[in-house]
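Report on the following structure.
Every heavy atom of this structure was used, including side-chain atoms; hydrogens, water molecules and symmetry mates were not. Counting from 1, the numbers follow the sequence of the chain as shown. One-based numbering, in listed order, for ligands and for the atoms of each.
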Amino acid sequence: MTLRFISSCKLPTSFATFTMHGFEDTDTGKEHVALTLGQVDDGQPVLARVHSECLTGDALFSMRCDCGYQLQEALRRIAEEGRGVLLYLRQEGRGIGLLNKIKAYQLQDSGLDTVEANHQLGFEADLRRYDLCVPMLKHLGISSLRLMTNNPRKVESLRLDGVEIADRVPLTTGLNDFNRGYLATKAAKLGHRFDLHDFTLADKANADNARPEHPQLPE
Ligand SMILES: Nc1nc2c(ncn2[C@@H]2O[C@H](COP(=O)(O)OP(=O)(O)OP(=O)(O)O)[C@@H](O)[C@H]2O)c(=O)[nH]1
Ligand SMILES: [Zn+2]
């Protein structure tokens with residue numbers, strides 16, 4: 001994997017005006033971005049989110065998962081602290097890609113859980129890798145993270161890649177009627193560390209409005 005820094009710009013958002021840094025993985029052609037806020041290269045641990053692309057949750061308001069809620073909450077916390085980093089990695093669908101994720105969702109519509117659906121399609125449960133964070137962080141001058149995640153395997157994987165994780169900060173937000181089963185499967189089968197009771201709820205009005213259109217989704 002060879003990661004090449006391309007350019008930086010300002011990115012005003014409703015949370016804060018971040019600096020966006022663009023990178024290209026020259027092996028795969030994938031384009032990855034980092035958002036930074038404040039001074040992150042001072043050697044002190046940086047509040048961080050390593051977020052894997054979820055087009056449906058991050059951009060299309062899907063309630064099937066917690067990704068969009070986590071993305072917003074992470075940016076909100078970074079803005080509140082005035083300092084932090086988001087690494088946005090283009091490994092959609094835990095690495096199987098968007099179209100395969102749609103196939104996996106179809107299998108989940110007919111009763112399989114998120115792990116079984118991946119297996120049925122011939123994929124492992126999680127194909128993601130985090131080694132590309134190393135050159136991104138190095139470029140940004142970040143040496144240690146306070147990582148917002150519920151996924152201990154993400155922490156271990158980054159540590160094995162040589163990233164210092166000073167702390168793991170839970171990020172339990174966005175529980176709703178459509179992602180309850182998915183979140184339970186993540187805890188049971190993918191090792192995510194949380195209790196559903198820890199979660200803040202997604203917008204209840206939206207959940208109620210959306211419900212009649214998707215009666216088959218898990219309770
Ligand atoms: N294959 C597959 N991918 C999914 C599904 N639902 C969400 N994803 C992808 O899962 C990735 C997010 O992973 P999660 O397991 O939700 O979270 P995580 O990053 O491991 O852990 P956190 O840091 O706690 O959020 C994104 O790439 C999503 O596109 C699904 O049902 N099937
Ligand atoms: Zn998602």
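- Of all protein heavy atoms, the one lying nearest to atom 6 (N) of ligand 1 is Y182 OH, 3.3 Å.
- Listed by number with element, the atoms of ligand 1 under 4.0 angstrom from any heavy atom of D66 are 16 (O).
- Both the backbone and the side chain of N151 come within contact range of ligand 1, each with a heavy atom under 4.0 Å.
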### Query
Going through the checks in order, is the salt bridge (charged side-chain N to carboxylate O under 4.0 Å, His left out) test met by D66 and K186?
CA-CA 11 Å; D66 53 342; K186 285 211 294 187; 3.2 Å; yes
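- For ligand 1, the atoms closer than 4.0 angstrom to any heavy atom of R49 are 22 (P), 23 (O), 25 (O).
- Backbone and side-chain nitrogen or oxygen atoms of G93 are examined, and one is located within less than 3.5 angstrom of a nitrogen or oxygen of ligand 1.
- Using a distance-only test at 3.5 Å, with no hydrogens or angles considered, a donor-acceptor pair links the side chain of R94 to the main chain of A125.
- V50 is not connected to L71 by any chain of hydrophobic side-chain contacts under 4.5 Å among Ile, Leu, Val, Met, Phe, Trp and Tyr, and they are in different clusters.
- Checking only distances, Y130 never comes within under 3.5 Å of ligand 1, N or O to N or O.
- Residue-ligand proximity, N150 to ligand 1, at heavy-atom distances under 4.0 Å covers atoms 22 (P), 23 (O), 24 (O).
- In terms of polar-atom proximity, defined here as any N/O pair under 3.5 Å, D126 makes no such contact with ligand 1.
- Among protein heavy atoms, atom 27 (O) of ligand 1 sits closest to E53 O, 2.8 Å.
- Proximity of C65 to Q70: side-chain heavy atoms (C-beta onward) are nowhere separated by under 4.5 Å.
- Taking a cut-off of under 4.0 Å to the non-hydrogen atoms of T149, the atoms of ligand 1 that pass are 21 (O), 22 (P), 23 (O), 24 (O).
- The proximity of Q108 to ligand 1, defined as any non-hydrogen pair under 4.0 Å, is limited to the side chain.
- Remark: ligand 1 atoms within the under-4.0 Å shell around heavy atoms of Q91 are 27 (O).
- In this model, no donor atom of one side chain and acceptor atom of the other lie less than 3.5 Å apart for K154 and S52.
- By the criterion of a heavy-atom distance under 4.0 Å, neither the backbone nor the side chain of L55 is placed next to ligand 1.
- Note on the Zn ion (ligand 2): protein N, O or S atoms under 2.8 Å away count 3, no waters included.
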#### Entry: Residue pair R77, E81: steps toward the salt bridge (charged side-chain N to carboxylate O under 4.0 Å, His left out) verdict
CA-CA 6 Å; R77 288 188 198 172; E81 200 157 302; over 6 Å; no
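- Among protein heavy atoms, the minimum distance from atom 21 (O) of ligand 1 is reached at H192 CE1, 3.1 Å.
- When side chains are defined from C-beta on, C133 counts as touching L89, because their heavy atoms get closer than 4.5 Å.
- Of the listed options R94, K154, E124, R94 places a heavy atom closest to atom 4 (C) of ligand 1.
- When R128, H51, R193, R64 are checked for heavy-atom proximity to atom 12 (C) of ligand 1, R128 turns out nearest.
- Taking a cut-off of under 4.0 Å to the non-hydrogen atoms of K101, the atoms of ligand 1 that pass are 3 (N), 4 (C), 29 (O).
- Within a 6.0 Å radius of CZ in R76, more than 12 heavy atoms belonging to other residues, nucleotides or ligands are found.
- Judged by distance alone, with hydrogens and angles left aside, the side-chain atoms of Q91 form a donor-acceptor pair with the main-chain N or O of R129 at under 3.5 Å.
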### Stepwise salt bridge (charged side-chain N to carboxylate O under 4.0 Å, His left out) check, K189 with E116
CA-CA 10 Å; K189 293 191 172 179; E116 292 164 345; 3.5 Å; yes
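- Donor-acceptor pairing under 3.5 Å is recorded for the side chains of N176 and Y69.
- Under 4.0 Å from ligand 1, the heavy atoms of Y105 that appear belong solely to its side chain.
- Residues F23 and V163 are members of one and the same hydrophobic cluster, defined by side-chain heavy-atom contacts under 4.5 angstrom among Ile, Leu, Val, Met, Phe, Trp and Tyr.
- Under the 4.5 Å side-chain heavy-atom criterion for Ile, Leu, Val, Met, Phe, Trp and Tyr, L140 and F18 are members of distinct hydrophobic clusters.
- The shortest contact between atom 16 (O) of ligand 1 and any protein heavy atom is with K186 NZ, 2.6 Å.
- Using a 4.5 Å cut-off on side-chain heavy atoms (C-beta onward), L190 and N151 make no contact.
- Nearest protein heavy-atom contact of atom 32 (N) of ligand 1 is T114 OG1, 3.3 Å.
- Every atom of ligand 1 with a heavy atom of Q70 under 4.0 Å away is listed here by number and element: 22 (P), 24 (O), 25 (O).
- A donor-acceptor distance shorter than 3.5 angstrom exists from the side chain of R83 to the backbone of Q39, with no hydrogens or angles considered.
- Transitive grouping of hydrophobic side chains (ILVMFWY, heavy atoms separated by less than 4.5 Å) keeps L75 and V40 in distinct clusters.
- Tracing side-chain contacts under 4.5 Å through hydrophobic residues (I, L, V, M, F, W, Y), one never reaches V134 starting from Y88; they form parts of separate clusters.
- Shown in contact with E92 at under 4.0 Å from a heavy atom are these atoms of ligand 1, numbered in order with element: 27 (O), 29 (O).
- Ligand 1 is never approached by L171 to a heavy-atom distance shorter than 4.0 Å.
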